Amino acid sequence: MSITTYTELKAAIADFLLRSDLTAVIPTFISLAEADMNRKMRHWRMEGRSTAQLDTQYSVMPADFMEAIRYKIIGTRPTSIELTSQSDISDQRALNNDTAGLPLYYAITGSQIEVFPTPDQTYTSELVYYKRIAALSDANADNWLLTYHPDAYLYGALASSAPYLQADERLGVWTTLYQNAVDGINNEGQSAKYGGSGLRMKIRSY
């Protein structure tokens with residue numbers, strides 16, 4: 001059975017469940033699986049890059065933002081902006097009388113990125129981040145995850161269906177297969193980025 005589109009995925013889920021009366025709820029099973037995969041999965045195909053003009057204390061994050069990987073100033077004054085806490089930024093503002101300057105630190109504040117110091121001019125920033133998996137729907141028939149890893153979608157949706165169907169005897173099977181798929185995708189992502197050798201410490205010369 002081919003699973004390359006949203007329609008084919010829904011049909012496969014119905015076939016595995018041996019049910020033809022779940023048309024209305026199968027999309028919910030898929031959405032629940034996507035929510036869980038966004039929490040558990042980190043793969044290089046989920047990485048996004050956004051550049052923006054940075055000239056205020058607060059900036060709006062990309063709509064599909066989940067987790068920052070790195071944030072920096074690019075251009076004539078390339079500088080890494082380090083992640084810190086809201087309380088540390090608040091303390092530093094008080095200690096430095098909120099003096100403007102080149103941003104060196106940032107914190108996630110609500111749906112915004114707060115930087116310190118407040119920019120003293122307009123800088124170009126680059127945010128590399130993990131973005132949400134593009135949700136499947138009738139209007140969005142596929143995405144990278146369904147194309148390369150349809151098993152994650154299938155078993156994730158089946159695991160999500162078990163509580164609804166009160167199929168406790170199947171939950172362990174679906175959950176194990178789903179978790180194996182997620183683990184495999186995460187491992188594949190790490191191997192693709194780091195050649196299977198893991199991260200290496202960068203030695204600096206002094």
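Owing to the predicted nature of the structure, the values given are computational and were not obtained by experimental measurement. Worth knowing before you read on, the calculation uses all heavy atoms, side chains too, and leaves out hydrogens, waters and symmetry mates.
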Any luck finding a side-chain donor-acceptor pair between Thr118 and Arg93 under 3.5 Å?
-> yes

Applying side chain to side chain contact (heavy atoms under 4.5 Å, CB included), run through Leu9 and Phe29 and close with a yes or a no.
-> CA-CA 11 Å; Leu9 174 62; Phe29 302 153; over 6 Å; no

Any sub-3.5 Å donor-acceptor pair from Asn186's side-chain atoms to Lys40's backbone N or O?
-> yes

Under the 3.5 angstrom rule, does the side chain of Asp55 hit a backbone N or O of Pro119 as a donor-acceptor pair?
-> no

Find the distance between CD1 (Ile69) and CG (Leu83) and round it off to the nearest 0.5 Å.
-> 13.0 Å

Mark yes or no for whether Glu34, through its side chain, and Ile133, through its backbone, hold a donor-acceptor pair below 3.5 Å.
-> no

Can you label the angle between the Phe16 ring and the Tyr155 ring as parallel, tilted or perpendicular, going by 30° and 60°?
-> perpendicular

Results of side-chain hydrogen bond (donor to acceptor under 3.5 Å, both in side chains) for Thr28 - residues two or more places apart only = none

Looking only at side chains, do Thr124 and Gln53 share a donor and an acceptor under 3.5 Å apart?
-> yes

Using distance alone, with no hydrogens and no angle criterion, decide if Ser85 and Asp88 have a side-chain donor and acceptor under 3.5 Å apart.
-> yes

Will you find, in the side chains of Tyr105 and Glu114, an N or O donor that is under 3.5 Å from an N or O acceptor?
-> no

Tell me whether the guanidinium CZ or amine NZ of Arg42 lies under 6.0 angstrom from the six-membered ring centre of Tyr130 and within 45° of its axis.
-> yes

